[in-house]
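Written out below as structure tokens is the structure these notes cover.
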There are 2 protein chains.
Amino acid sequence: MGHRAPPRDRVTEQSVREAALTLFAQRGYHGAALRDIANEVGIRTPSLYNHIESKQELLRGILLTTTEQVWSDFETAIESVSDVTERLRRAVVTYALRHAIHRREALIVNRDVESLDEPARSEVMALRRRHERAVRAIIIEGVDAGVFQVEDPFVASFGILEMCVSVARWFDPAGALSADQVASEYAEFALRLVGTR
Amino acid sequence: MGHRAPPRDRVTEQSVREAALTLFAQRGYHGAALRDIANEVGIRTPSLYNHIESKQELLRGILLTTTEQVWSDFETAIESVSDVTERLRRAVVTYALRHAIHRREALIVNRDVESLDEPARSEVMALRRRHERAVRAIIIEGVDAGVFQVEDPFVASFGILEMCVSVARWFDPAGALSADQVASEYAEFALRLVGTR
DNA sequence: CCTACCGATCGGTAGG
DNA sequence: CCTACCGATCGGTAGG
């Protein structure tokens with residue numbers, strides 16, 4: 001505890017970012033010290049600066065990369081799919097799957113976005129809002145087509161999206177269910193939630 | 001910014017805890033300094049100790065009180081209700097309503113429980129698990145009775161509960177929807193999710 | 001990659 | 001309720 005790890009593997013930018021990911025997810029940005037990250041990879045704090053710019057830049061890298069991938073995954077998942085139910089199903093499978101597979105990134109995005117300095121914070125929040133609106137647009141499309149029945153697409157979209165987000169909080173990759181199984185169950189939940197089936 | 005507030009009202013234990021609630025929710029336990037809390041109520045840091053024991057005790061008070069109330073609210077909500085669908089409906093209304101009304105407390109519970117020292121952390125987590133299991137038991141009861149259709153009660157219980165938790169992240173008390181409206185919409189979502197309706 | 005060290009800030013205490 | 005101050009720790013730099 002608190003001690004330096006043996007210099008197991010070669011220290012690289014990648015291994016530093018990996019350690020930061022784990023520690024930020026575990027203790028939060030403010031709760032994880034650079035010293036802890038250095039210990040984790042087996043070097044002293046100042047040596048981290050051979051691999052990274054600053055603690056803030058570590059956070060920025062994680063949050064920007066993650067939210068950009070959420071958006072591009074979404075676009076890929078629904079492109080050239082016209083059926084609105086299938087669009088929603090794919091959007092939910094993709095989003096839930098991401099939160100099962102990239103649990104640490106998801107936890108950090110949802111916990112530490114307020115620790116991110118401007119202008120990156122606004123970029124991250126704009127990307128998230130774009131995704132939210134796009135999912136909401138699918139729900140509205142389904143309601144207009146008479147396929148979905150929801151009282152308020154705003155509430156329904158948050159219900160569905162935040163349900164997916166929280167997969168990161170309970171999913172256990174060593175557990176009985178695979179990420180794919182959980183994602184498809186969540187898609188089923190979402191379709192029931194909007195009144196299909 | 002960062003300056004001391006004018007000594008508006010009398011400083012009391014209650015006003016200190018109120019300021020801590022707001023700041024912990026905004027910035028997280030590690031991100032909020034006692035100095036910020038002192039500034040918020042218009043005194044110097046050492047004077048806080050006339051009202052509280054320590055920063056850690058502030059966190060403990062928030063988390064223990066909140067999780068105890070979650071459990072007692074749940075018990076009150078479902079006692080003497082025999083119909084399983086109605087039991088689930090009440091459990092969800094109660095839990096969602098709490099997360100709309102006590103948003104700050106909910107955010108802190110879900111973000112900073114790992115910053116809580118033992119033995120309080122284990123107490124909080126035990127109380128949460130008890131609530132989770134009780135809600136899961138309702139779902140299993142409904143499945144056994146043939147009223148609910150869910151593939152996996154474990155996944156369904158997390159889907160429902162975490163959906164409610166996240167109300168704290170988006171609900172706006174000044175928005176178009178009241179806490180009661182959101183809570184009853186969420187109850188409808190939950191009942192659809194388990195395959196009724 | 002290291003040691004040595006920086007100013008700033010942290011939670012908290014002494015003493016009134 | 002305050003000022004004065006504590007040791008510890010923070011992110012980060014200098015210089016090799």
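Computed from a predicted structure; not experimentally measured. Letters A, B, ... are given to chains in the order of the sequence lines, protein chains preceding strands, and every chain is numbered from 1.
Residues passing the salt bridge (Lys or Arg N to Asp or Glu O under 4.0 Å) test with Arg130(B): none are found, sequence neighbours excluded.
In summary, Arg192(B) and Glu188(B) engage in a salt bridge, as defined by a charged side-chain N under 4.0 Å from a carboxylate O. Salt-bridge annotation for Glu86(B) and Arg90(B): present, with a side-chain N of the basic residue lying under 4.0 Å from a carboxylate O of the acidic one. A salt bridge links Arg121(A) with Glu118(A); the closest basic N to acidic carboxylate O contact falls under 4.0 Å.
One interatomic measurement links the two molecules: CG of Leu34(A) to C1' of dC6(C), which rounds to 16 Å at whole-angstrom precision. For the pair Leu48(A) CG and dC1(C) P, the interatomic distance rounds to 9 Å; values are reported in whole Å. Separating the CG atom of Asn39(B) from the C1' atom of dT9(C) is a distance of 13 Å, rounded to the nearest angstrom. Between Asp117(A) atom CG and dG11(D) atom C1' the separation is 13 Å, expressed in whole Å. With rounding to whole Å, Asp36(A) atom CG is found 7 Å from dC10(D) atom P.
Both distances falling under 3.5 Å, in either a Watson-Crick or a G-U wobble arrangement, place dC10(D) opposite dG7(C). Nucleotide dG15(D) forms a pair with dC2(C), judged by Watson-Crick or G-U wobble geometry with both contacts under 3.5 Å.
Using the six-membered ring where Trp is involved, Tyr186(A) and Phe189(A) have ring planes that are tilted, between 30° and 60° apart. Between Tyr95(B) and His131(B), the ring planes are tilted. Angles from 30° to 60° get that label.
For the segment residues 49-63 of chain B, residues with any heavy atom less than 4.0 angstrom from an atom of DNA chain C are, sorted by number, Tyr49(B), Ser54(B), Lys55(B). Within residues 13-20 of chain B, no residue approaches DNA chain C, by heavy-atom distance under 4.0 Å.
Using a 3.5 Å distance cut-off with no hydrogens or angles, the side chains of Thr22(B) and Arg104(B) do pair a donor with an acceptor.
Annotation for Glu151(A): atom CD does not count as buried by contact number, only 12 or fewer foreign heavy atoms lying within 6.0 Å. Counted within 6.0 Å of CD on Glu53(A), heavy atoms from surrounding residues, nucleotides or ligands total 12 or fewer; the atom is thus considered open.
Dashed line: the shortest gap from a side-chain N or O of Arg44(A) to OP1 or OP2 of dT3(C) is under 4.0 Å.
Closest to the side chain of Ile43(B), from the set dA14(D), dG12(C), dC1(D), is dC1(D). Nearest to the side-chain atoms of Arg35(A) among the listed nucleotides dC10(D), dC10(C), dC2(C) stands dC10(D). With dG11(C), dG12(D), dT13(C) as the choices, the nucleotide that has an atom nearest any side-chain atom of Ala33(B) turns out to be dG11(C).
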